[in-house]
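Below is one structure, written out as structure tokens; the observations come after it.
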There are 2 protein chains.
Amino acid sequence: MSQSTGGTRERIQAVALELFTEQGYEKTSLREIAERLGVTKAALYYHFKSKEEIVNSYVEDRLHRMDELIDWARDQPATRATRHALVSQYADTMFAPGQSVVMRFFEQNQTVLKSLVAGQQMRERMFRLADAICQGDDSPRAQLRATLVLFAVHSSWFAVRTPDITDDERKKIALEVADELLNGIEES
Amino acid sequence: MSQSTGGTRERIQAVALELFTEQGYEKTSLREIAERLGVTKAALYYHFKSKEEIVNSYVEDRLHRMDELIDWARDQPATRATRHALVSQYADTMFAPGQSVVMRFFEQNQTVLKSLVAGQQMRERMFRLADAICQGDDSPRAQLRATLVLFAVHSSWFAVRTPDITDDERKKIALEVADELLNGIEES
DNA sequence: ACCTGAACACCGTTCAAGT
DNA sequence: ACCTGAACACCGTTCAAGT
């Protein structure tokens, strides 16, 4: 039983992601995940060291894409154009096909993530990205604006409640509002 | 033992708020709370129907203050001045003395709150407030902007990392950035 | 290599019982 | 009215054991 080409690890990731997003991380028990897979709770521990490790497995490639962005930004001049490119790139990785599922998981589980290692790493990257965005203007105003730029990309997923809107349209709107915020940051 | 003028209920609220903020709602056990109070786990159930009910007790007056704001806004013209007053009032209740502890609890526990009744109510009020803010301009762009206005007030607590900044300064910066966003919303 | 069965300490909740 | 003691089903995790 339970078709699909082996890959129990991958099947655990998929089922867990779905349940974590639907019901939240804490409210989803390993028993539930195991039952859906027709497997024992203990079996999960062969593939993952802990419940938290399942979450970490989603975050890894996301983290290193953010690292790449941060590194790239460091070598660029602190201009409007750089900031625009940075945010645009960030939105691209956030709205990449296949990533939208993970996106909704993050939106649903921000707080739990704070206590998990993966969440702290994501949080740290967000601060560094924000710092990269307001490079050359370290006023509190610029810090807040830079943070809201990232939020604009994130929150377009739920804040825009227009029915039948496509992901591309969400992204476009997010970038427009983000750009306005960027214009308030001084060039150095 | 355990001084203070009786009021076990109030002492539970205080200790729980502290622990929930420090360690998060899910990671704080009722045993921990009970031990700090020199009381039994079961005793908590005399004062609160459940763990969730403790959280609800923080949210109640906050909810009705938001309701008042929403009701007030409904009867006002959809002008820049109304929107400014609305956000300014909202920031006042958010930064009210004594509320900053509750504020940090919310910041720390957004996600858990989503699955709790109290959280869903707060979420619903936030959407309604956002709708009130972009009254007269129901474009997706305006919706996103209005949501970010509320986030500006909330996130000034952690996004601004300037050392030794006062709560009043945070509030001032939040309102400045919020006002810029408001200016992008059309008057009807 | 991959999984099971059974046990571990802990969790939120209930309830009869005590004062 | 206010609290205790003991039990309940459930949780994440471990580990010896099976194939």
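Letters A, B, ... are given to chains in the order of the sequence lines, protein chains preceding strands, and every chain is numbered from 1. In what follows, every heavy atom counts, from backbone to side chain, and hydrogens, waters and symmetry copies are set aside. Computed from a predicted model, the values in this text were never measured in an experiment.
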Taking the side chain from [X] and the backbone from [Y], do they hold a donor-acceptor pair closer than 3.5 Å?
X	Y	value
Ser29(A)	Glu32(A)	yes
Thr28(B)	Leu19(B)	yes
Thr82(B)	Pro77(B)	yes
Ser155(A)	Phe151(A)	yes
Lys51(B)	Tyr25(B)	yes
Thr147(A)	Gln143(A)	yes

Distance test, side-chain N/O of [X] to OP1/OP2 of [N], below 4.0 Å:
X	N	answer
Thr8(A)	dC3(C)	yes
His47(A)	dA1(C)	no
Tyr46(B)	dC3(D)	no

* Stems involving DNA chain D: give each as a range paired with a range, ordered by first number, where a stem means at least three consecutive Watson-Crick or G-U wobble pairs under 3.5 Å. =>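 For DNA chain D the paired stretches long enough to count as stems (3 pairs minimum) are C:4-8 with D:12-16, C:12-16 with D:4-8.
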Pairs under 3.5 angstrom, nitrogen or oxygen only, protein versus nucleotides 11-13 of chain D, please.
unit_1  : atom_1 : unit_2   : atom_2 : d
dC11(D) : OP1    : Ser29(A) : OG     : 3.1
dC11(D) : OP1    : Arg31(A) : NH2    : 2.9
dC11(D) : OP2    : Arg31(A) : NE     : 2.6
dG12(D) : OP1    : Thr28(A) : O      : 3.4
dG12(D) : OP1    : Lys51(A) : NZ     : 3.0
dG12(D) : OP2    : Leu30(A) : N      : 2.9
dG12(D) : N7     : Lys41(A) : NZ     : 2.8
dT13(D) : OP2    : Tyr45(A) : OH     : 2.4
dT13(D) : OP2    : Lys51(A) : N      : 3.0
dT13(D) : O5'    : Tyr45(A) : OH     : 2.8

* To do: Identify the two heavy atoms, one from Asp164(B) and one from Glu169(B), that lie closest to each other, and give their separation to 0.1 Å.
  =>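 Heavy atoms only, the tightest pair is O-OE1, 4.5 Å.
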